[in-house]
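Remarks on the structure that follows.
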Amino acid sequence: MKTAFFRPLNLGLALALSLCRLNSAHASASYDSIVTLSYSIGILDSTNPTAGDRTGLSILGTYQQASDDQNFYAVVGGDGQYQSYSPNPAAATVSGKFTGLYSVGGNVNSGSVDSLLTGLFGLELNNNGPYSYNLAVDFQYALQAAAHGEFASTSILFDYWDEGGSNSGFDYVSADAFSGDPDDQQAAADTATFHFGLAAGATRQLYAQAGISSHLESADASPVPLPGAVWLFLSGASASLGLAGRRQRAEGARKA
């Protein structure tokens with residue numbers, strides 16, 4: 001099995017924007033961000049003379065969480081805490097469908113939480129037999145972000161791609177709670193389809209990556225300086241800036 005790779009995320013900007021919106025009086029706060037996805041694999045046609053036979057075709061579903069500096073960052077103060085969860089094994093044999101879930105939640109009563117956590121899902125299709133297969137992979141995902149309290153902010157930056165370059169896309173949601181507006185929930189969902197042939201001896205990789213940034217703070221929390229690596233995210237974050245700006249303008253119109 002090939003080693004999965006993470007794409008560097010541009011979530012530093014979303015985190016920086018959250019920090020710039022700090023209010024002077026904060027109480028308890030919490031957030032939850034959830035990403036769900038599924039791959040459904042179908043055989044369109046094959047040179048295999050036996051209908052429905054999958055000789056040589058093997059599929060692995062994988063999941064891993066980032067630990068590198070560009071995709072992982074966490075600082076917790078006081079009683080602040082966060083939890084990340086995924087029930088997906090490191091590698092599991094897939095028959096016709098692979099489902100994944102990645103969630104991150106946090107809460108604070110007297111303290112702070114700043115984090116950037118990234119989960120990567122992979123689908124590896126190997127053809128070790130003598131026949132060729134024409135495959136259709138239907139991909140669905142859903143993003144949900146919720147923030148509660150005096151100050152809470154969470155953002156999900158999600159992207160998916162095919163190592164062969166035939167299909168890719170991204171999505172973004174962000175929820176922000178603050179004094180006077182202590183609850184916010186945002187969601188997004190979409191579908192995509194990958195079509196490709198898998199000749200004898202060939203391998204194909206599909207990936208989906210979810211980066212979740214968050215900030216929570218209470219009234220008595222001492223500001224925690226961010227490391228230089230986080231600010232380096234800003235140089236490549238123009239896409240995130242555009243998405244965040246459109247959402248802020250839409251929220252302003254909704255509240256006007």
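Nothing here was measured: the structure is a model prediction, and the numbers come from that model.
With 3.5 Å as the limit, one finds a donor-acceptor pair spanning the side chains of S84 and Q65. Defined by atom type and a distance below 3.5 Å, a donor-acceptor pair is present between the side-chain atoms of Y207 and Q205. Using a 3.5 Å distance cut-off with no hydrogens or angles, the side chains of N127 and Y133 do not pair a donor with an acceptor. Judged by distance alone, the side chains of S115 and S214 do bring a donor and an acceptor atom under 3.5 Å apart.
Checked against side chain to side chain contact (heavy atoms under 4.5 Å, CB included), D162 has the following partners two or more places apart in sequence or in another chain: S166, F194, R204, L206.
When every heavy atom of Q144 is checked against every heavy atom of I156, the shortest pair comes out as O-CD1, 3.5 Å. Summarising the geometry of V35 relative to A210, their closest heavy-atom pair is CG2-CB, 3.7 Å, with the distance given to 0.1 Å.
A donor-acceptor pair under 3.5 Å links the side-chain atoms of N88 to the main chain of L101, judged by distance alone. Here the side chain of D184 pairs a donor or acceptor atom with the backbone of D176 at under 3.5 angstrom.
A side-chain hydrogen bond (donor to acceptor under 3.5 Å, both in side chains) check over residues 187-201, counting only residues at least two apart or in different chains, returns the pairs D138-T193.
How far CZ of F139 is from OG of S38: 7.5 Å, rounded to the nearest 0.5 Å.
Using a 30° and 60° split on the angle between ring planes, F121 and Y102 fall in the perpendicular class, above 60°.
Ring centroids of Y31 and H215 are separated by 6.0 Å or more, keeping the two rings apart.
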